[in-house]
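Notes for the one structure printed next.
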Amino acid sequence: MTTLDATRPLDTRPSADNYLTHSRGVLSWILTLDHKRIGVMYLVSVLASFLLGGVFALLVRTKLLFPGEVSWMSAEAYNHFFTLHGAVMVFLVIIPSIPAALGNFVLPIMLGAKDVAFPRLNLASYWLWLLGATCVVLSLLMGSFDTGWTFYTPYSTTTRFGGVVPVVTGAFILGFSSIFTGMNFIVTVHKLRPPGMTWFRMPLFLWALYSTALIQILATPVLAITLSLLAVERIFHIGIFDPAWGGDPVLFQHFFWFYSHPAVYIMIVPGMGIISEIISVHAHRHIFGYRFIAFSSIAIAFFSFLVWGHHMYTSGQSGLMNVVFSAITFSVAIPSAIKVFNWLATLYKGSISLTTPMLYALAFLFLFTIGGLTGLYLGTLNTDIHLHDTYFVVAHFHYVMMGSALIAMIGGMHHWWPKMTGRMYSEFWGRIGCTLVFIGFNLTFFTQFMLGSQGMPRRYYSYDQLPGMAEAFKTYHHISTGGSYIMALGFVITAIYLIHSLYRGKPAPANPWGGRSLEWQCPSPPPHDNFKVTPRVGDCYDFSVVRWDEASNGYIVDRSLDPELNPNAPKRKGHH
Amino acid sequence: MHALLNSLATAAPASGHTSFWLPRSGSTTAPNVDFMFMAITYVCYFFFVLVVVLMVAFVVRYRQKGTKLEFHEGASEHNTPLEVTWTVIPVIIVVAIFFGGFKGYLTLATPPANAYQIDVVAKQWSWTFKYPNGAISDDLVVPAGRPVKLVMRSDDVLHSLYIPDFRVKKDVVPARYNVLWFQSDTPTGKRADGTDDFHNLFCTEYCGKDHSRMNRKVIVKGEADFAMWEKDQAEWLIKIPKDELYFKAGPILYARCSSCHTLDGTPSTGPSWGPYNGLPAIWERTEKGLTKVNGKPLSELIGPGKEFEHAKGYIANSILQPNKHIVDGFAPGMPTFQGQLDDLGIDALVGFMQHLNEFDSKGKLKAAQPAK
């Protein structure tokens with residue numbers, strides 16, 4: 001490829017030959033090396049898993065409408081359902097959702113590259129994901145498991161249900177899928193940036209994916225080791241974690257959280273990257289404090305490795321360790337706070353379109369603020385002692401994992417949907433879906449803060465035996481379950497209008513939102529090779545060169561106005 | 001500042017009352033935890049309102065009409081003093097919160113030297129509390145006005161002892177002794193409706209099927225009351241005449257077995273003591289050697305010159321070394337009661353089994369007084 005005149009507009013005309021039509025047949029998909037197709041396959045698989053995990057959640061919530069025993073769900077069945085909900089949502093949905101599904105699709109295009117650095121590794125990662133998911137399904141057939149998604153020993157090494165070994169094998173394999181994606185992204189970002197794309201020109205979503213990839217390749221092997229040891233102990237009774245065979249159960253918790261706390265950031269950091277994109281694109285405003293946001297992603301990635309012990313304040317680890325972990329934990333609060341203030345400042349003096357992706361981004365700001373602030377209670381030593389393993393923790397991590405990471409993922413999906421499918425969805429139904437999800441989410445999870453601070457432990461099948469508390473708990477649980485139904489309705493509506501858009505949606509212009517980064521300067525859907533010529537890159541957040549184009553019914557990036565690309569361009573207005 | 005601290009103190013629940021956020025406060029360390037809780041809550045209110053108000057205001061003020069982008073003067077790309085400010089202020093706040101929690105935690109983590117020690121054994125799915133004088137209790141009864149130290153261990157998987165009203169919690173781990181302490185100054189006494197008041201005690205570390213049923217009462221007694229209770233509790237078995245043991249002590253002791261062994265043949269974690277699978281009730285099937293253990297009938301284990309001389313020996317052994325012989329169809333998993341049941345206790349339980357027909361399915365005596 002050659003670099004042509006940088007000011008010439010990139011070719012954004014829709015073409016009959018795009019990545020969806022480039023080749024045909026089932027084999028052309030399952031053996032594809034195209035990052036876009038792999039991203040789409042990941043997206044479909046992740047959404048299917050989300051449906052499954054969601055059904056488990058609704059079963060759990062429905063049981064909790066009734067304080068006591070119910071004939072249609074035994075305590076053991078309940079334990080299986082909350083365990084499956086957690087394991088499916090964490091390992092099959094949230095961890096791969098943004099990097100592997102959206103990141104795969106968007107990263108090379110945003111960067112201006114033809115594909116990721118190792119396309120075959122990318123395909124292998126998807127196949128490993130499928131294999132891992134198969135193991136999870138297999139575990140359901142082999143007696144399932146009731147250990148909680150944390151697999152705490154010695155319960156997990158002694159439970160009579162036979163699904164533990166298959167599911168940890170699945171998580172082990174899924175870990176490698178995640179490592180492959182991470183490795184690919186790191187090399188791609190280092191080696192495949194086109195001319196002009198310096199580190200500090202990269203869209204912030206790429207910084208976020210890069211930070212995430214660092215965590216993925218450094219932390220995930222620890223999970224693999226831990227789960228292997230768990231399986232070895234369960235099969236061969238070699239004492240590692242179970243004191244009955246000479247092991248130490250608290251060691252398992254150290255190992256597990258050494259991965260799983262960084263994993264929390266594997267889930268949320270890419271979500272933060274999406275929010276940086278959505279807010280600046282839909283507010284048509286240069287992102288505020290680019291370097292602070294970029295560095296805060298790296299800072300979070302770094303600190304995430306040093307705070308695992310805050311999951312173990314009550315485990316009996318030494319008091320000194322508790323104090324050290326508490327102190328370091330608070331340092332993670334700072335980069336998160338910085339990001340929130342920067343996003344707010346990006347709204348200031350913007351030109352804000354209240355599109356569906358923007359509504360999701362605003363919902364994220366609202367929910368992440370609650371999720372982040374309630375983390376303060378849990379980092380603080382003496383309040384965490386009261387709140388640990390209660391519903392307060394459940395509420396907190398749902399605000400962060402679902403209210404933030406998943407809402408960002410759904411916002412990102414709406415943001416890039418026209419690019420991925422070449423179709424527009426109904427804005428009207430999009431806003432209704434987002435509103436229902438937002439209201440339902442808050443009803444479901446805000447009530448759980450009160451449940452927890454009042455003392456209701458998590459993972460409880462029944463609560464009728466808690467004298468003096470059962471009545472108040474019942475009211476909160478009813479509101480919470482009602483909220484979960486509203487949320488489910490919102491997601492059903494979302495699924496319907498998105499699927500509808502595939503068949504009946506208006507054709508999408510190349511740049512429906514007024515975006516400035518490179519993916520908005522190639523056709524929707526993108527051609528097989530993304531760009532016909534290697535693009536030169538200007539400032540991805542300079543929206544002064546973006547204008548509405550009646551002919552294409554979308555925005556265009558007028559490259560001749562960009563002083564970075566054209567020295568004769570008129571001086572920009574409104575920016576400095 | 002002083003006014004703020006006062007308002008924090010009043011927002012937290014006074015002892016005996018539940019607030020919107022927190023249950024009643026029942027220990028000497030709880031007010032400190034509540035203070036930190038409410039202090040953080042006000043920090044949260046402030047930042048939440050700040051973020052949401054600015055967000056809504058900006059969206060309303062700078063909403064784009066139509067498709068034309070509007071550019072406003074002074075929309076800067078960065079502002080270092082501003083960014084440093086909103087980095088430094090949160091740093092100061094979290095450092096303050098950290099120290100508040102740290103100070104409170106030092107107290108929580110350090111049991112006073114004169115604390116009254118109670119040993120705790122947790123197992124699936126029950127708690128046992130052992131007192132210095134040998135008394136054993138299913139509920140946690142503690143003296144008022146005195147620090148109490150719980151030395152805890154688990155017989156099987158992880159558990160966690162949590163008393164919300166006291167704001168204390170600690171995991172109970174096998175092969176480790178974890179310590180937790182508290183002091184409650186107010187005896188629990190009676191409720192308005194005349195029933196005994198108490199604090200809840202929960203298991204908060206997921207431990208399997210009956211995790212949510214693993215809860216107990218915490219009863220705080222005044223000094224004299226407590227001393228009396230402790231003495232009675234240690235001697236209650238001795239005081240019961242031998243021939244009344246099975247119906248006076250049996251049902252009380254059976255309560256510890258009831259989460260796994262039913263009396264009416266209903267399947268559960270362990271073999272029912274009632275008739276099941278065509279076998280008669282426990283005493284009859286053991287005496288006749290009908291139960292199958294490790295694939296063989298018990299008659300091969302019980303009898304003159306065999307492992308057990310008498311059926312009672314087999315039952316006592318099953319209580320003290322439960323995993324030595326496993327009844328067919330069941331998995332090993334019963335905890336040992338070694339050190340918790342002495343000979344009198346075992347006599348009472350075996351007597352209870354021998355007279356099972358005098359009790360209902362919950363272990364309650366059917367008649368007011370059994371025929372002698």
Side-chain angles (χ1 to χ4, degrees), chain A residues 75-76 148 152 154-155 160 243 249-250 284-286 288-289 292 314-316 319 323 326-327 330 333-334 337-338 340-341 344 347-353 362 365-366 369-370 373 376-377 380-383 385-386 388-389 453-455 457 459-462 465-466 514 543 546 548 573-574, chain B residues 21-23 33 36-37 40 44 47-48 51-52 54-55 58-59 62-64 67-73 75 77-78 83 86-87 90-91 94 97-98 101-102 104-105 108-109 157-158 160 164 167 169-171 173-176 178 200 202 204-213 215 331:
Chain A
E76 284 186 332
Y152 268 19
Y155 189 76
R160 66 190 180 86
V250 180
H284 307 107
R285 157 78 155 83
H286 197 291
F288 187 91
F292 266 65
T314 67
S315 70
V323 172
S326 171
F330 279 109
I334 304 302
I338 289 173
V340 170
F341 294 133
L344 272 183
L347 292 175
Y348 175 67
K349 296 200 170 177
S351 184
I352 299 170
S353 309
L362 297 176
L365 264 183
F366 183 100
T369 300
I370 296 178
L373 285 170
L376 292 174
Y377 297 89
T380 306
L381 280 164
N382 61 349
T383 48
I385 299 290
H386 175 56
H388 181 81
D389 265 337
S453 67
Q454 291 287 358
R459 296 174 170 176
Y460 262 28
Y461 166 71
S462 59
Q465 73 287 10
L466 313 181
F543 289 89
V546 177
W548 179 256
K573 240 176 71 187
Chain B
W21 286 111
L22 293 162
V33 176
M36 279 312 294
F37 185 97
I40 299 171
C44 291
F47 279 101
F48 175 73
V51 168
V52 172
L54 286 179
M55 180 176 95
F58 291 162
V59 169
Y62 300 111
R63 177 127 187 231
Q64 174 185 312
T67 52
K68 188 173 164 10
L69 305 192
E70 293 161 49
F71 294 102
H72 303 270
E73 285 301 325
E77 293 171 17
H78 64 94
E83 289 174 78
W86 70 44
T87 309
V91 168
V94 298
I97 293 176
F98 164 74
F102 171 50
Y105 177 70
L108 288 179
V157 299
L158 300 177
S160 187
R167 319 282 190 266
K169 177 183 294 131
K170 188 78 152 212
D171 291 5
V173 180
R176 249 184 212 227
N178 275 354
N200 280 300
F202 299 141
T204 47
E205 184 65 69
Y206 172 67
C207 57
K209 182 171 80 80
D210 283 337
H211 171 52
S212 67
R213 298 270 168 201
N215 35 57

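Side chains included, hydrogens not; waters and symmetry mates left out as well; all remaining heavy atoms used.
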Quiz prompt | Which portion of B:V91 sits near chain A, non-hydrogen atoms under 4.5 angstrom | solution = both
Practice problem: Specify whether A:F366 and B:F48 have parallel, tilted or perpendicular ring planes, treating 30° as the upper limit for parallel and 60° as the lower limit for perpendicular. | Solution: perpendicular
Quiz item: Say you draw a straight line from NZ of B:K170 to CD1 of A:I385; how long is it, rounded to the nearest 0.5 Å?
Solution: 7.0 Å
Exercise. May I ask you to name which of B:A331, B:C207, B:S160 has the most heavy-atom pairs under 4.5 Å with chain A?
Key: B:C207
Quiz item: Any idea which heavy atoms bring A:L347 and B:V59 closest together, and the distance?
Solution: CD1-CG2, 4.5 Å
Exercise. Report yes or no: does A:K349 contribute a side-chain atom to a donor-acceptor pair with the main-chain N or O of B:F71 at less than 3.5 Å?
Key: no
Exercise. With a 4.5 angstrom heavy-atom cut-off, could you sort out which part of B:L69 is near chain A: side chain, backbone, both or neither?
Key: both
Exercise. Can you see which heavy atom on B:R176 is nearest to which on A:G316, and at what distance?
Key: NH1-O, 3.8 Å
Practice problem: Look at B:T87, B:L54, B:V52 and state which one has the largest set of heavy-atom pairs under 4.5 Å with chain A. | Solution: B:T87
Exercise. For residues A:V323 and B:F98, determine if any side-chain heavy atom of one lies less than 4.5 Å from a side-chain heavy atom of the other.
Key: yes
Self-check item: Shortest non-hydrogen contact from B:E83 toward A:G289
Solution: OE1-CA, 3.3 Å
Practice problem: Between chain B and each of A:V546, A:L381, A:T380, count heavy-atom pairs under 4.5 Å; write down the option with the most. | Solution: A:L381
Quiz item: Among B:N178, B:V173, B:D210, which residue forms the greatest number of heavy-atom pairs with chain A at distances under 4.5 Å?
Solution: B:N178
Quiz item: B:K68 versus chain A, heavy atoms under 4.5 Å apart: side chain, backbone, both or neither?
Solution: backbone
Self-check item: With B:V94 via side-chain contact (heavy atoms from CB on, under 4.5 Å) - residues at least two apart
Solution: A:F330, A:A333, A:I334, A:L376
Quiz item: For the ring-ring contact (aromatic ring centres under 6.0 Å, His included) test, which of A:Y155, A:Y460, A:Y461 pairs with B:Y206?
Solution: A:Y155
Exercise. Might you point out which heavy atoms bring A:D389 and B:T204 nearest each other, and give the distance in Å?
Key: OD2-O, 3.0 Å
Quiz item: What part of B:R63 gets closer than 4.5 Å to chain A, counting heavy atoms only: side chain, backbone, both or neither?
Solution: both
Self-check item: Closest contact, heavy atoms only, A:G319 versus B:Y105
Solution: CA-OH, 3.6 Å
Self-check item: Contacting moiety of A:S462, where chain B heavy atoms sit under 4.5 Å
Solution: both
Quiz item: In terms of heavy-atom pairs under 4.5 Å, which option from A:S453, A:A327, A:G455, A:S351 contacts chain B the most?
Solution: A:S351
Quiz item: Taking the inter-plane angle between the rings of B:Y62 and A:Y348 on a 0 to 90° scale, is it parallel (under 30°), tilted (30 to 60°) or perpendicular (over 60°)?
Solution: perpendicular
Quiz item: Closest approach of B:P164 and A:H386, non-hydrogen atoms and distance?
Solution: O-CE1, 3.6 Å
Exercise. Heavy-atom distances under 4.5 Å only: say whether A:R459 touches chain B with side chain, backbone, both or neither.
Key: both
Practice problem: Count the heavy-atom pairs under 4.5 Å between each of A:G514, A:G148, A:P154 and chain B, then report the option with the highest count. | Solution: A:P154
Exercise. Find the one option among B:W86, B:W21, B:F102 whose heavy-atom pairs under 4.5 Å with chain A are most numerous.
Key: B:W86
Self-check item: Exam field: side chain B:K169 to backbone A:T314, donor-acceptor pair closer than 3.5 Å
Solution: no
Quiz item: side-chain contact (heavy atoms from CB on, under 4.5 Å) between A:T369 and B:F47: does it pass, once the steps are laid out?
Solution: CA-CA 8 Å; A:T369 300; B:F47 279 101; 5.5 Å; no
Self-check item: Partner chain A: residue of B:M55, B:M36, B:E205 with the largest heavy-atom pair count (under 4.5 Å)
Solution: B:M55
Quiz prompt | Euclidean distance, B:Q64 CD relative to A:I352 CD1, rounded to 0.5 Å | solution = 9.5 Å
Quiz prompt | Residue part contacting chain B, namely of A:V340, when any heavy atom lies under 4.5 Å | solution = side chain
